[in-house]
Structures are given as structure tokens and as C-alpha cells.
Asks: 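Right, I'll just put the structure down here and ask away after.
The chain is numbered in sequence order, starting from 1.
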Amino acid sequence: RSSKTWKDYRKQIIDERGLVCECCNRKTKSLTLHHKNMDKTQYTNLTDKTHFSLLCPTCHSFLHFCYTQIHKKNASPSKRIIDFQAPYFL
């Protein structure tokens with residue numbers, strides 16, 4: 001994520017979508033380009049912009065917390081957590 005290619009791709013998406021968190025709609029310059037596909041082999045696949053979300057640090061951390069709660073062994077997450085995180089993961 002420190003490569004020039006990644007930084008250029010992130011900038012292109014920010015230029016297209018604006019400096020707004022796509023989860024909470026907060027305007028901020030501090031945005032993370034979140035991979036919706038958690039398969040590590042897809043991290044270098046920059047062909048489909050719909051596989052990414054722009055998130056503020058708070059929303060990004062919370063979404064990964066939700067993902068962990070859903071996918072940990074013997075998990076029984078609430079429907080609310082499942083529904084909340086669903087649009088941000090493939």
C-alpha cells in the first residue's frame with residue numbers, strides 16, 4: 001500500500017468520489033481505501049473500483065471489528081452487525 005501505483009489509485013478514487021467517508025458521510029482528508037474483498041491475493045487487483053470503499057479511520061476500524069466478530073470461530077453475531085458490515089465486504 002505504499003507503492004506509487006497504490007497511492008495513484010487511491011488518489012484517483014478520492015478525486016472521483018470526494019473526501020467523504022462512504023459509511024458515515026463525514027468529510028475528512030484522512031480516508032482509508034478499504035478492500036471489500038478480504039482475500040489477500042486480491043490486494044493487488046486494482047481493476048474494479050467497486051471492490052473498494054473510502055472510509056474514515058473510525059468506520060474502517062469498526063467494520064473490521066464487525067468482520068472479525070462474524071468470522072471468528074463459534075461466532076454468533078447479531079443481525080444488526082451482519083447487516084451493517086455487509087455492503088463493505090464481498
Side-chain angles (χ1 to χ4, degrees):
R1 295 180 199 130
S2 60
S3 72
K4 180 172 177 10
T5 302
W6 176 257
K7 288 177 182 177
D8 289 346
Y9 188 72
R10 179 181 174 276
K11 183 180 180 323
Q12 181 182 9
I13 291 179
I14 288 172
D15 289 347
E16 291 172 5
R17 299 182 191 176
L19 291 169
V20 177
C21 174
E22 295 175 348
C23 183
C24 69
N25 294 318
R26 188 176 87 192
K27 292 181 181 182
T28 179
K29 291 182 180 180
S30 178
L31 290 168
T32 300
L33 189 57
H34 166 72
H35 294 84
K36 290 182 180 182
N37 189 335
M38 294 300 290
D39 180 351
K40 299 288 186 200
T41 63
Q42 294 298 310
Y43 268 37
T44 57
N45 183 356
L46 306 179
T47 58
D48 188 348
K49 293 179 187 173
T50 64
H51 286 198
F52 296 90
S53 295
L54 285 173
L55 301 173
C56 69
T58 302
C59 289
H60 191 233
S61 293
F62 186 66
L63 282 168
H64 277 279
F65 168 78
C66 292
Y67 182 87
T68 302
Q69 295 304 304
I70 291 168
H71 292 91
K72 70 181 179 182
K73 190 174 182 175
N74 300 321
S76 57
S78 71
K79 181 176 179 348
R80 188 173 176 194
I81 286 179
I82 293 169
D83 291 347
F84 176 77
Q85 66 84 45
Y88 302 99
F89 293 98
L90 299 177

Asks: Please name all residues satisfying side chain to side chain donor-acceptor pair (under 3.5 Å) with Thr5, sequence neighbours left out, ordered by chain then number.
Replies: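 Side chain to side chain donor-acceptor pair (under 3.5 Å) check on Thr5 returns nothing, list empty.
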
Asks: If I take atom CD from residue Glu16 and atom NZ from residue Lys49, how far apart are they, to the nearest 0.5 angstrom?
Replies: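 The CD atom of Glu16 sits 3.5 Å away from the NZ atom of Lys49.
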
Asks: Is it true that Ile13 and Val20 fall in one hydrophobic cluster, defined by side-chain heavy atoms closer than 4.5 Å?
Replies: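 Different hydrophobic clusters.
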
Asks: For a quick test of reading the model, state the closest non-hydrogen atom pair linking Lys36 to Ser53 and the distance between them.
Replies: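 Of all heavy-atom pairs spanning Lys36 and Ser53, the closest is CE-OG, 3.0 Å.
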
Asks: Just checking Lys11: does its NZ atom have more than 12 heavy atoms from other residues, nucleotides or ligands closer to it than 6.0 angstrom?
Replies: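 Open.
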
Asks: Which atom pair, heavy atoms only, marks the closest approach of Cys56 to Cys21?
Replies: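 Heavy atoms of Cys56 and Cys21 come nearest at N-SG, 3.3 Å.
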
Asks: Take the angle between the ring planes of His64 and His60 and call it parallel below 30°, perpendicular above 60°, tilted in between.
Replies: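 The rings of His64 and His60 stand perpendicular, inter-plane angle above 60°.
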
Asks: Nearest 0.5 Å please: distance from the OH atom of Tyr9 over to the CD1 atom of Ile14.
Replies: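 Tyr9 atom OH to Ile14 atom CD1 measures 12.0 Å (nearest 0.5 Å).
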
Asks: Looking at CG of Leu46 and CZ of Arg10, how far apart are the two atoms once the value is rounded to the nearest 0.5 Å?
Replies: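 It comes to 13.5 Å.
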
Asks: Given the side-chain rings of His34 and Phe52, with only the six-membered ring counted for Trp, is the space between their centroids under 6.0 Å?
Replies: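 Between His34 and Phe52, the centre distance exceeds or equals 6.0 Å.
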
Asks: Could you tabulate the donor-acceptor pairs under 3.5 Å formed by side-chain atoms of residues 24-33, not counting sequence neighbours?
Replies:
| from | atom 1 | to | atom 2 | distance (Å) |
| --- | --- | --- | --- | --- |
| Thr28 | OG1 | Ser30 | N | 3.0 |

